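Worksheet: one structure, shown below.
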Amino acid sequence: MEIKLTNTMSREKEVFQPIKPNKVNIYTCGLTVYNYAHIGNLRAYVFSDILRRMFEYNGFKVNHVMNITDVGHLTDDQDSGEDKLEKGARREHKTVWEIAQYYTDEFIKDLNQLNIIIPEVMPKATDHISEMIELIKLIEKRGFTYSAGGNLYFDTTQLKDYGKLARLKLDAEKTRTRVEEDTYKKNPFDFVLWFTRYKYSSHSMLWDSPWGKGFPGWHVECSAMSSKYLGNHFDIHTGGIDHIPVHHTNEIAQSEVAFGHKWVNYWLHNDFLVIEDNQKMAKSKQNFLRLQTLIDRGFHPLDYRYFLLGAHYRKNLLFSFDNLQAAKNAVEKLRDWVMRLKKVEDEPDQTAYREYQQQFNREINDDLNTPRALSVLWEVLNHDQLSGGTKLSLLENFDQVLGLNLSTGKSEELPEQLKLLVGNRDEARNQKNFKLADQLRNEITRLGYQVIDSPEGTIVKKMK
RNA sequence: GGCGGCGUAGCCAAGUGGUAAGGCGGCGGUCUGCAAAACCGCUAUUCUCCGGUUCAAGUCCGGACGCCGCCUCCA
């Protein structure tokens, strides 16, 4: 079945053609680990997870790489978040390295909780300094660099198609920068490949290089690490929409100069999660919500995953706790469906199964249309002609992509004591001894469980 | 100033030329010993507004208004 993806390079939905049949190489720009990931950041990773699951659903072998940026912007004094980190590090008597490790661990914890399949490779920037140096040497050899004021810059004026991804207008006159210009740059679009000039004398992440002791520019890491693990030409590169004009633009410039050919076939970008006034979530704006914040408020991480799936990845999504509650209610209903469906045992109807499976497949292959895919799921469940077995097997099939753990989530065994109480209550009800039945129900409730008398039998649910 | 995007019901949100998916919420009903759940029905004559193209427009074109993002680290 055809797979269509919106390629930022062409701004169009294109039919996906892999470089190697049935194989796909994906690179995702990961997190900069100087703070917790906020739920907006996490949207990007649920998106890349849906992408990889979609490919697997279509029978592809996926090789997914997601980097961990643990160097590169840590000394940028324009980042107000940085200062807090430095202070925090000092207060906690930790090194930058320890801080990076801590937030990396927290990040991976978030990924796991969101049921995101951990990428095959999660390379750390600091483990790949030599690869970056080699890459910069290649760029230098081709004559696209210059050094000034202690830093080595990439000379964008020499690259005729610089800015093609973002369709930048390279008229320096019209480019107004909102911050003080780096006076060493020959052109405002030029960027640093290697720093030896830095603001904080206490900076501890330093490496020797042909250009002096220092550290790499941010963009280099993605070029160096992706080529190491995916080759010099690979299928898909993903990231947030904010990366288009600078980060990805510069990655392309460096890589295509270094390798001398086209670098990435498809560029996919997710839009932002926004809050109340349609504003983007940002640490500087005090509207920074973590996954843990949601959990503390009584939500399950997968409630948030469902919430994200309800909107298309290329559109703004408005977050609010009311909206998250709506998602939570929907997930709850889905889990109830599963419990009921598991009580009936019948063979799936192959014709109907195939029909809906194809429909779901079409939606997910159409630029990852998860809202449509979810509506197929609801359509299946609400269908009054489909057998329970058909519904359950379709639901389990769809969940391979949705990743909501619908069928496995709450199958834990009930405590013996509870089973006994439930059994006794059923017995009492059969004998119309409702007084005893209610008494037993009260006991069950006290143990934190809810009894539901469904037509398919008694269902016991743990209460939250 | 440049670039990009958005404006669909009470809320979230699909739909990019053929007559408004889905979820949440709400209302009414059925069922049930009760409760809950479940089930059934209803919940946008209309897609910010104004023009235009077309047999036909949330959907294309032009304009207005409103909102957001990027151009600085950023998912």
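What you see is a predicted model, and the numbers here were worked out from it, not measured in a lab. Within every chain, numbering begins at 1; the chains are lettered A, B, ... in the order of the sequence lines, protein sequences first and strands thereafter. Only this structure's heavy atoms are used, side chains among them; waters, hydrogens and symmetry mates stay out.
Below the 3.5 angstrom threshold, one finds a donor paired with an acceptor across the side chain of A:Arg441 and the base of B:rC34. On a pure distance criterion of 3.5 Å, a polar donor-acceptor pair joins the side chain of A:Asp438 and the base of B:rG33. The base of B:rA38 lies outside donor-acceptor range of the side chain of A:Arg340, with no N or O pair under 3.5 Å.
Atom NE2 of A:His383 and atom P of B:rC40 are 11 Å apart (whole Å). For A:Lys328 and B:rG25, the NZ to C1' distance is 16 Å, given to the nearest whole Å. One interatomic measurement links the two molecules: CG of A:Asn329 to P of B:rC24, which rounds to 8 Å at whole-angstrom precision. As rounded to whole Å, 12 Å separates atom P of B:rA13 from atom CZ of A:Phe319. As rounded to whole Å, 20 Å separates atom P of B:rA21 from atom NE2 of A:His312. The separation between A:Asn316 atom CG and B:rA75 atom P is 16 Å, rounded to whole Å. The nearest whole Å value for the distance from the OH atom in A:Tyr36 to the C1' atom in B:rA75 is 19 Å. Rounded to whole angstrom, the span from the CH2 atom of A:Trp337 across to the P atom of B:rA38 amounts to 9 Å.
Partner A:His237 forms a ring pair (Phe, Tyr, Trp, His ring centres under 6.0 Å) with one of A:His243, A:His269, A:His248 and no other, that one being A:His248. A ring pair (Phe, Tyr, Trp, His ring centres under 6.0 Å) with A:Phe107 holds for exactly one of A:Tyr45, A:Tyr102, A:Tyr36; it is A:Tyr45.
The residue A:Phe47 sits apart from the nucleic acid: no heavy atom pair falls under 4.0 Å. Using a 4.0 Å heavy-atom cutoff across all strands shown, A:Lys333 reaches sugar-phosphate atoms only and no base atom. Heavy atoms of A:Arg314 sit nowhere under 4.0 angstrom from any nucleic acid atom. Nucleic acid contact for A:Asn442: none, since no nucleic acid atom lies under 4.0 Å from a heavy atom of the residue. Within the nucleic acid shown, A:Leu317 comes within 4.0 Å of sugar-phosphate atoms alone, with no base atom in reach, counting heavy atoms only. Contact annotation for A:Arg167: no contact, since no heavy-atom pair falls under 4.0 Å across all strands. Nucleic acid contact class of A:His243 (heavy atoms, under 4.0 Å, all strands): sugar-phosphate only. Using a 4.0 Å heavy-atom cutoff across all strands shown, A:Gly40 reaches at least one base atom of the nucleic acid.
Evaluation of the ring pair (Phe, Tyr, Trp, His ring centres under 6.0 Å) test over residues 358-377 of chain A, restricted to residues two or more places apart or in two chains, returns A:Tyr57-A:Phe360, A:Phe360-A:Phe398.
Rounded to a whole angstrom, the distance from the P atom of B:rC42 to that of B:rG22 is 12 Å. With P as the reference atom, B:rU16 and B:rG58 are 14 Å apart, rounded to whole Å. Taking atom C1' on both B:rG5 and B:rG41, the two are 39 Å apart, rounded to the nearest angstrom. The P atoms of B:rC50 and B:rU59 are separated by 12 Å, rounded to the nearest whole Å. Across B:rG15 and B:rC40, the matching P atoms stand 27 Å from one another, rounded to whole Å. Taking atom C1' in both B:rA9 and B:rU46, one finds a spacing of 10 Å when rounded to whole Å. Here the separation of B:rG52 from B:rC27, taken at their P atoms, is 44 Å to the nearest Å. The separation of B:rA14 from B:rA75, taken at their C1' atoms, amounts to 23 Å, rounded to a whole angstrom.
Listed candidates were B:rA14, B:rA75, B:rG23. Nearest to the side chain of A:Arg372 is B:rA14. Distances were taken from every side-chain heavy atom of A:Asn369 (C-beta onward) to each of B:rA14, B:rA21, B:rG33; the shortest belongs to B:rA14. Distance from the side chain of A:Pro245 is smallest to B:rC70 among B:rG22, B:rC70, B:rC39. Checked against B:rA75, B:rG33, B:rC24, the side chain of A:Phe272 finds its nearest nucleotide in B:rA75. Distances from the side chain of A:Lys315 to the nucleotides B:rA14, B:rG23, B:rA75 place B:rA14 closest. Nearest to the side chain of A:Ser375, among B:rA14, B:rC24, B:rA21, sits B:rA21.
Comparing A:Ala326 and A:Pro371 by the nucleotide of RNA chain B that holds the closest heavy atom to each, the one mapping nearer the 5' end is A:Pro371. Between A:Asn270 and A:Val451, the residue anchored nearer the 5' end of RNA chain B, judged by the nucleotide with its closest heavy atom, is A:Val451.
Look at A:Glu106 and A:Lys109 and you find a salt bridge, because one of the NZ, NE, NH1 or NH2 atoms lies within 4.0 Å of a carboxylate O, short of that distance. Salt bridge A:Asp366/A:Arg362: absent, no basic N to carboxylate O contact under 4.0 Å. Salt bridge absent: A:Arg52 and A:Asp49 never bring a charged side-chain N and a carboxylate O closer than 4.0 Å. Using a 4.0 Å cut-off between charged side-chain N and carboxylate O, A:Lys333 and A:Asp336 make no salt bridge.
Contact check, A:Asn382 against B:rG23: a side-chain N or O comes under 4.0 Å of OP1 or OP2. Close to B:rA75, at under 4.0 Å from its OP1 or OP2, lies a side-chain N or O of A:Asn41.
The nearest pair of heavy atoms linking A:Asp271 to A:Arg43 is O-NH1, 3.1 Å.
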Next on the checklist: Pairs counted only when both distances fall under 3.5 Å, Watson-Crick or G-U: show me the 5' to 3' dot-bracket for RNA chain B, [ ] for pseudoknotted crossings and | for other-strand partners.
Outcome noted: (((((((..(((.....[...)))((((((.......))))))....(((((..]....))))))))))))....

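Ring-base stacking between A:Trp378 and B:rG22 is not satisfied when judged by a centre separation under 5.5 Å and a plane angle under 30°.
A:Glu379 and A:Ser375 share no donor-acceptor pair across their side chains, judged by distance under 3.5 Å alone.
By the side-chain hydrogen bond (donor to acceptor under 3.5 Å, both in side chains) test, A:Asp155 is found to be paired with A:Thr157, A:Gln158, residues two or more places apart in sequence or in another chain being considered.
Environment of CZ in A:Arg167: crowded, with over 12 heavy atoms of neighbouring residues, nucleotides or ligands closer than 6.0 Å.
Because its glycosidic torsion is more than 90° from 0, B:rG66 is reported here as anti.
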